[in-house]
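Structure first, then comments.
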Amino acid sequence: MAVSNQFPAVALLLLLPLTQVLAQSTTECSVGNKNLKIHENNLPGAFVTRITMQPDVTVTIENSADSRWFTINDTELLLTDSLDYETENVLLVTLLCWKGGVEVNSVTVVVQVENLNDNSPVFKETNITAKVPEDTKVNTIIIPEKSATASDLDLDNVQYELTAITPEATDYFNIQGINNPSIYLHKTLDYEKYKFMQLILYARDRAPGNPDGNTATATINIDIQQADTKPPWFQPCTFLNADKKVCISSGYIGRVNISEKTTGPLILKPGPLYAFDSDYTLNEKIVYSIVDGNKDDVFLLNSDTGNITMNKAANTTDTFILHVMATQANNALRYSFTTVEIKVIAKSSHAPYFENSRYTGTVSAGLATLSLVMDSKAPSIPLKIFAVDDDFPNKLNPQITYNIQNSSDFTVTRDGLVLTNIVLQSAATITVLATATDEESLQEANTVITVEVTPSTGTKDARANLQYTAQDMAALGATLAVFLVIAFLLLGLIVCKHYANTIRRLVGKESGKDPIEDLSNQGYQDDENHVWSTKDNESLRSDTLENGTPVMQQQSDGFPLLEPTVENSIATVSTATKGGEEDKEGKDTDSNKEVKSILTKDRKTVDDGYKAVWFKDDIDPDTKDDVGVIEDQVEEEDDSDGDRDRNEEDKDDEQGSQAR
């Protein structure tokens with residue numbers, strides 16, 4: 001037991017010298033921090049840690065793989081070079097402590113290199129080109145992800161953004177996502193609109209706007225390739241809309257002489273039969289054929305060139321409408337149609353020609369469109385070009401039309417008058433080529449027109465020298481004609497209103513009637529006043545003078561009061577003319593004639609005759625009526641209706657006489 005109790009003490013005595021040795025070696029050489037963190041991209045000579053050692057102890061660096069990065073300066077452990085996290089992320093260095101030439105201690109220092117965002121993303125290619133056919137389907141991947149991905153040595157999460165150099169490019173292309181840079185087609189391409197587009201692809205290791213972020217860019221070039229999408233087009237043709245997808249030919253026309261076979265290709269207007277592949281970069285071969293209209297196989301069509309020739313002569317004056325098709329040799333579904341109108345005509349022996357090879361005219365600047373160009377030789381006469389045709393006796397071919405070939409500043413009417421087609425702004429000398437075309441034979445003649453555009457002379461002079469067009473004169477004439485018709489109508493109405501009675505009297509004189517008789521009865525012919533009653537009429541008839549002289553009342557329609565002498569004349573004329581044949585037999589027509597009211601509607605007869613006004617002294621004194629109108633008919637030879645009327649009047653007279 002004693003031995004056992006004494007063992008710990010003995011062990012302590014034995015371990016005490018070893019503990020003293022270890023404590024002594026630790027104090028002889030040590031460092032402040034054995035585990036350090038240092039940012040990369042440090043400057044050479046950067047401080048790592050401080051070494052603590054006894055005065056008689058020296059410290060060295062053990063030779064190792066990482067020892068080249070460290071050095072000791074007095075009591076400091078320093079870095080010899082700048083660190084890079086991407087190549088060295090952990091360094092291990094061992095310090096050896098020496099005393100009297102004997103290594104008494106060693107210290108191991110671990111240095112962790114901290115990463116900094118010091119690297120930008122990197123694209124495999126900074127200039128990427130893709131060729132894309134215009135008929136590529138939407139959503140097709142144009143540039144795959146592996147070709148558009150950027151790498152980052154800092155192993156950061158890279159984000160992508162696509163922007164456009166060509167303004168409309170982002171309407172057609174886009175990326176799959178912010179972390180997926182593959183580029184796909186977003187909208188159908190059109191080679192006619194865009195043949196090339198450029199975009200920029202951004203790769204960022206930080207969010208946009210972060211000052212610590214790094215960015216890389218790559219240029220994306222899209223080369224759009226034309227595809228076989230359109231049919232052939234006959235030339236010339238007119239586009240139907242602005243996108244130039246469809247171009248329509250207005251057809252061709254030609255002429256051949258009757259009973260004559262033309263040798264060689266026919267001359268057509270506006271030019272030879274020709275079509276080309278509208279996908280012009282492909283320029284596929286075109287094949288021609290006649291599909292309809294070639295009666296009796298009169299014409300032949302070269303399938304390769306499109307030239308039309310005659311197989312035989314045409315013996316009738318007929319018009320052939322050939323329907324021609326142009327087809328791509330490699331694709332029968334790409335085709336188009338046009339028509340060729342060939343008219344068979346009598347042979348024209350002479351082509352039209354201009355008697356003058358050159359015409360000169362003048363016009364002022366600033367005049368309105370369609371102003372006449374005046375002849376330079378006679379400034380007051382419009383310039384007129386004229387082509388003669390010796391096939392006509394008077395050399396005037398009505399089928400000739402005129403056109404200006406090389407300018408849109410002027411136009412020519414069918415009569416050959418030269419007009420401005422625009423407002424000429426300044427003085428200049430303009431030379432144009434004019435063509436006369438025989439619409440029947442399609443023969444042509446050319447001449448040159450030189451127009452001297454003179455400066456505008458100001459507002460006042462311009463008005464004095466203003467040239468009016470035929471349209472202006474026609475409009476002015478039509479306006480004046482309308483005003484003239486209105487003036488005549490107004491004049492007629494005024495004459496009818498104020499001189500109607502005079503005209504009637506004059507007409508009565510010419511027809512053998514007494515104008516006074518006409519005047520006395522005219523106011524009652526068209527009496528339509530239904531308000532007047534029979535009682536009123538009787539009152540009017542009783543209104544006479546006591547001595548029997550009648551008094552004519554002023555009529556509502558403007559008749560003047562008659563003088564007594566006129567009134568007596570009316571009675572006398574009535575007595576003398578009443579009942580033509582009865583006067584010869586000595587009958588008193590005044591006493592036998594029934595007195596009628598002058599204000600009743602039924603006194604107007606069908607035939608124009610005369611009316612006599614009878615007053616109180618001239619009729620039966622016993623009657624109550626003061627005034628009466630006695631109607632009579634004008635006799636006409638061989639008039640059966642007039643005879644019947646006279647017979648009826650005779651009967652009425654007899655009945656009236658018997659009644660009295």
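With hydrogens and angles ignored, the 3.5 Å screen pairs a side-chain donor or acceptor of N421 with a backbone N or O of S408. Between the S336 side chain and the P232 main chain, a donor and an acceptor come within less than 3.5 Å of each other. Checked by atom type and distance alone, the side chain of S82 pairs as donor or acceptor with a backbone atom of N42 at under 3.5 Å.
Evaluated for a side-chain contact (heavy atoms from CB on, under 4.5 Å) with L301, the options L322, L273, T309, V340 yield exactly one hit, L273.
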Self-check item: CA sep, side-chain torsions, deciding dist, call: N127, N221, side chain to side chain donor-acceptor pair (under 3.5 Å)
Solution: CA-CA 7 Å; N127 199 301; N221 304 302; 2.6 Å; yes
Quiz item: Which is it for D228 and Q328 under the side chain to side chain donor-acceptor pair (under 3.5 Å) test, yes or no, and what are the steps along the way?
Solution: CA-CA 10 Å; D228 190 6; Q328 286 184 199; 3.1 Å; yes
Quiz item: Hey, mind stepping through D212 and N117 against side chain to side chain donor-acceptor pair (under 3.5 Å) and telling me if it holds?
Solution: CA-CA 7 Å; D212 296 332; N117 187 23; over 6 Å; no
Practice problem: List the steps and the verdict of side chain to side chain donor-acceptor pair (under 3.5 Å) for Q225 and D223. | Solution: CA-CA 6 Å; Q225 304 291 306; D223 189 4; 3.2 Å; yes
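Residue pairs meeting the ring pair (Phe, Tyr, Trp, His ring centres under 6.0 Å) criterion with at least one member in residues 196-255, sequence neighbours excluded, are W233-F239. For residues 142-245, every residue pair satisfying the disulfide bond (SG atoms under 2.5 Å apart) rule, not counting sequence neighbours, is listed here: C237-C247. Residue pairs that meet the side-chain hydrogen bond (donor to acceptor under 3.5 Å, both in side chains) test with at least one member in residues 285-297, sequence neighbours left out, are K295-D318.
Every residue was checked against the salt bridge (charged side-chain N to carboxylate O under 4.0 Å, His left out) condition with K193, not counting sequence neighbours, and none meets it. With sequence neighbours left out, the side chain to side chain donor-acceptor pair (under 3.5 Å) criterion links S303 to no other residue. Take Y402 and apply the ring-ring contact (aromatic ring centres under 6.0 Å, His included) test, not counting sequence neighbours, and it matches no residue. With sequence neighbours excluded, the residues that form a ring-ring contact (aromatic ring centres under 6.0 Å, His included) with F320 are F299. The ring-ring contact (aromatic ring centres under 6.0 Å, His included) test applied to Y335 returns F337, not counting sequence neighbours. Residues passing the ring-ring contact (aromatic ring centres under 6.0 Å, His included) test with Y280: none are found, sequence neighbours excluded. In this view, E103 satisfies the side chain to side chain donor-acceptor pair (under 3.5 Å) rule with no residue, not counting sequence neighbours. Judged as a side chain to side chain donor-acceptor pair (under 3.5 Å), and not counting sequence neighbours, N139 has no contacts.
Under the 3.5 Å distance criterion, with hydrogens and angles disregarded, no donor-acceptor pair is assigned to the side chains of N115 and N89. A donor atom on one side chain and an acceptor atom on the other are not found under 3.5 Å apart for T435 and E444.
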Can you give the donor-acceptor pairs under 3.5 Å from side chains of residues 173-181 to other protein atoms, not counting sequence neighbours?
{"residue": "N179", "atom": "ND2", "partner": "V158", "partner atom": "O", "Å": "3.2"}
{"residue": "N180", "atom": "OD1", "partner": "S182", "partner atom": "N", "Å": "3.3"}
{"residue": "N180", "atom": "OD1", "partner": "S182", "partner atom": "OG", "Å": "3.1"}

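For the pair K384 and D415, the salt-bridge criterion is not met [side-chain N within less than 4.0 Å of a carboxylate O].
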